[in-house]
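We use all heavy atoms of the structure for the numbers below, so side chains are in, but hydrogens, waters and symmetry mates are not. We count ligands from 1, going down the list as the structure has it; atoms in each ligand are counted the same way.
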Amino acid sequence: MSNITIHDFLKKKKEGKKITMLTAYDYPFARIVDEAGIDAVLVGDSLGMVVQGLENTLPVTMDEMIYHTKMVTRAVKNAMVIGDMPFMSYQASIEEALKNAGRFLKEGGASAVKMEGGAEIAGHIRAMTKSDIPVMAHIGLTPQSIHRMGGYKVQGKTEEAAMKLIEEAHIVEDAGAFSLLLEAIPMGLGKIISEELSIPAIGIGAGPHCDGQILVLHDVIGLFERFVPKFVKQYANVKEDALKAIKTFKEEIERGAFPSDEQSFR
Ligand code: KIV
């Protein structure tokens, strides 16, 4: 059982303290993220791209999400673990959504789920909240909608689109979401939504005024090189460090420097 709960999220918002979040998909990285004191770990369907090497998140399945969520919850002692509902695990019906969300808590050991969508998932949020499954909603750029959106584009840029997102934010709050993820929207809009809602708004490319921030772990530590979105800040280059280590290992084997006496038995 993790220590940080949805109540801590709300408390942090009330106290004006920033909420920190990162994604993680496996045991070793989830341990590191938790040890760093991050408030919540999202087992994001972004694992399709950064772990599985897929083109987008659409093919990720519920079974794969549960497999990764189990690894993460096994590692995490303090952070809240949130499971990300993959494409077509909730769109077809509220009943299916409820069953799949329940799997994250029952099988995966997560404390909450995240779902992409606004007004169209209000009924899903209401049903899950009624069944004691806390929901984080996700509006703005929703990667499961890339075909409708025509790619990974900043959302809410016109006045009409911005007003629609503000309205959607209120709808998911009223439906019972405990927090809202805002992806790739202008910073001014991120500020308005964060100020208008009483639930915490967590931004990814939504500017500095959100109640908290999340990024994809592999972007933060330099382990995903296919593309780096503008909103990413890379704090390490793990790919470079790993490459250097592995090249040195190979070179030492080839010239007979590894294993030395120190790594050998007598
Ligand atoms: O799947 C994911 O990693 C996400 C990001 C917005 C954090 O949803």
> Can a donor-acceptor pair be found between the side chains of T69 and Y67 at a distance below 3.5 Å?
Replying inline: no
>> Quick one about D34 and N78 (side-chain donor to acceptor, distance below 3.5 Å, no hydrogens or angles considered), yes or no?
In response: no
Tabulated below should be the N or O atoms of ligand 1 paired with protein N or O atoms at under 3.5 Å; can you produce that?
unit_1	atom_1	unit_2	atom_2	d
ligand 1	1 (O)	D45	N	3.2
ligand 1	1 (O)	D45	OD1	3.0
ligand 1	1 (O)	S46	N	3.1
ligand 1	1 (O)	S46	OG	3.3
ligand 1	1 (O)	D84	OD2	3.1
ligand 1	3 (O)	S46	OG	2.5
ligand 1	8 (O)	K114	NZ	3.1

>> As an exercise, state the distance from OG of S46 to CD of Q52, rounded to the nearest 0.5 Å.
In response: 10.5 Å
>> Listing request: all ring-ring contact (aromatic ring centres under 6.0 Å, His included) pairs with a residue in residues 83-120, at least two apart in sequence or in separate chains.
In response: none
> For I253, which fellow cluster members are found when Ile, Leu, Val, Met, Phe, Trp and Tyr are connected by side-chain heavy-atom distances below 4.5 angstrom, either directly or through intermediates?
Replying inline: F249, F258
For residues 126-135, which side-chain N or O atoms pair as donor and acceptor with protein atoms under 3.5 Å away, sequence neighbours left out?
unit_1	atom_1	unit_2	atom_2	d
T129	OG1	I125	O	2.6
S131	OG	A127	O	3.2

